[in-house]
Amino acid sequence: MTAELFIQQKAAQAIKAIYGADVPEASLQVSVTRKEFEGDYTLVTFPLLKITHQAPDATGNAIGQWLVDNVPEIAAFNSVKGFLNLSFSALYWNECLQAIAEDASFGQLPSTGRKVMVEFSSPNTNKPLHLGHIRNNLLGDSVSRLLKACGNEVIKATLVNDRGVHICKSMYAWEKLFNGATPESTGKKGDHLVGDCYVAYAKLEKEHPEVLEDVHKMLVDWEKGDQHVRELWAMMNGWVYAGFDETYKALGISFDKVDYEHDTYLLGKELVQKGLDMGVFVKDPDGSVWCDLTADGLDRKLVLRGDGTSVYITQDLGTAERRFANYKLDSHVYVVGNEQDYHFQVLKLILGKLGFDWADQIYHLSYGMVELPEGKMKSREGTVVDADDLIQSMYEEAKKTSEESGKLADMDEKEKDALYHMIGLGALKYFIIKVDPKKTMLFNPKESIDFNGNTGPFIQYTHARICSILRKATVPYGPEDINASVEPSAKEIRLTQLLSLYPGKVAEAGAALSPAIIANYAYELAKEFNQYYHDTPILKEENEAVLKYRLELIDVLARTLRSAMKLLGIDLPERM
RNA sequence: GGUCCCGUAGCUCAGCUGGAUAGAGCAACAGCCUUCUAAGCUGUGGGUCACGCGUUCGAAUCGCGUCGGGAUCACCA
């Protein structure tokens, strides 16, 4: 039971005993005591005054006294205005910390038996990944880990937009302008080469608008299965996939299931017929099919063109149906930018109207744009922050900072290289993930991502510090060393309390689909440890019981930091 | 124009299921390395929580309105 629930339960008993009134436990407001006050948890007594008919202080004192007298775990109280601050006993905190220390999977919540698919990334194959994709990828990856920690079975999925007019544009430019250039012949990553083709096409079309007709013909040929166009398409997509794989690998991201739009773009047509049969859709005289959403405050939505071909939402309807059926999903999270809020609103509505009871188990993790100081990134203006470049520059930055510190002189090159990558990536990932997903965020390329303060490297550094102490320890230690022979200091209690909040944070972050909650928690924990580290000697402690207690405490801290950061896809080094 | 999201320190962000004097980091300034890693710690300055009205014992948080920024409302994806 969490401390909050425990206090709610006991306080309800106190109120019953003192005032003879029954109050629902859940209605009692309990929170962690603000640090400028004495105590661990605070019960807000304002709402109780109607029942107690006493002044706030008197009410707090009465309940506090009852709790101290009747609940062994509660050792002290003080009442300030309408706030009853309660302190747990040292014994309580020791038992709490010991239980955490003994729990090898602390932070992993019990199984829900639910199967969840998380779709993210879903790139187009006509240009390389940029910073916007990085936010998408990191959120998707992290939310997948979070949902797993919340006890769900998770399938990471992506849907590659590998067909359509956009890729034909790159194909057209390559044939006309690139003289058979390949990634091998140019030494370019395949996705970048194809991206160059796309840019070249845009320029070409500006000067010769008529080329668009040729591109459309290419798309028609593709749909007919024209051998030449299909071969060109397969070759260039192959280049792009190879390039993406490199970027994904550098980001530490993988998928369990990859769908390709050339396989899915015809899905959903039978749903259109079903909708017509059900009377959910209507057919206009020109043959186009619509869903009337005006009663839901939206417009009429096209679901099939007059010529019988699909639109975007048609295949999304079909893909969702196929996934829920094939994988027996309980829910489906789509990580897609907030410019598609309307699309997902419509998607859910239509699926509901088609009678799928899982329609309300579709969640759109709608995240905000990443903007530059001068505004949105625009590929036409060359202001796009390329994913590979950014990853590389973070690596360089990590290398530079590490070399300046000179702490790794004895480490071999291969190890150093891996470490620079870990730190650079940690800085980048944390920078992106610590921001509330739904908010637009700003990235300033001129100020490189910081390594000091509320950053990934700060937490990595904290972890390395703990590991350094543990390496030097000469006595064995373990959960059994958290025992009543040691009286924890105020700071140690504070650390224990913070640790105890972790599973609740995991649950909260999972429910909100917000890894930022975990990032901010990890920072708080690291910051708290650094203060502890600063004024509490550990290895120099002469009392062996206290020494062992502290070693075990910081070991649990290191484990919890690793666990939390792992949920963000960030690894922590033992040295840096 | 309709709908949705956002507006907190110079900058980047927490806090938002209503609670105590609104918090961090960066930047600025002042301290702390014969002591377990200074990518750290401590301190100073910095706020009309966009604005107004309302609900409440209590509002950055909830409601309504105004202003400002963004997204979206395609037989594009």
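These figures come from a predicted structure and were not determined experimentally. Residue numbers start from 1 in every chain, and the chains themselves are labelled A, B, ... in the order their sequence lines are given, proteins ahead of strands.
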- Message: Checking A:D40 against A:S87: is there a side-chain donor and acceptor pair closer than 3.5 Å?
- Response: no
How close or far is atom [atom2] of [N] from atom [atom1] of [X], stated in whole angstroms?
| X | N | atom1 | atom2 | answer |
| --- | --- | --- | --- | --- |
| A:L442 | B:rG70 | CG | C1' | 13 Å |
| A:L539 | B:rC36 | CG | C1' | 5 Å |
| A:L347 | B:rU72 | CG | C1' | 16 Å |
| A:Y533 | B:rU37 | OH | P | 5 Å |
| A:M441 | B:rG7 | CE | C1' | 17 Å |

Presence of [X] side-chain N/O under 4.0 Å of [N] phosphate oxygens OP1/OP2:
| X | N | answer |
| --- | --- | --- |
| A:R305 | B:rA77 | yes |
| A:K439 | B:rA14 | yes |
| A:Y461 | B:rA39 | yes |
| A:K434 | B:rG25 | no |
| A:R300 | B:rC73 | no |
| A:K376 | B:rG70 | no |
| A:Q531 | B:rU42 | yes |
| A:K81 | B:rC57 | no |

- Query: Between A:D436 and A:I538, which has a closest nucleotide on RNA chain B that is more 5'?
  - Reply: A:D436
- Any salt bridge between A:D410 and A:R575, counting N to O under 4.0 Å? yes
- Is the glycosidic angle of B:rC33 within 90° of 0, making it syn, or outside that range, making it anti? syn
- Task: Would you please test A:K491 and A:T536 for side-chain contact (heavy atoms from CB on, under 4.5 Å) and show each step?
- Result: CA-CA 9 Å; A:K491 203 64 169 174; A:T536 311; 5.5 Å; no
- Task: Stems involving RNA chain B: give each as a range paired with a range, ordered by first number, where a stem means at least three consecutive Watson-Crick or G-U wobble pairs under 3.5 Å.
- Result: B:1-7 with B:67-73, B:10-13 with B:23-26, B:28-32 with B:40-44, B:50-54 with B:62-66
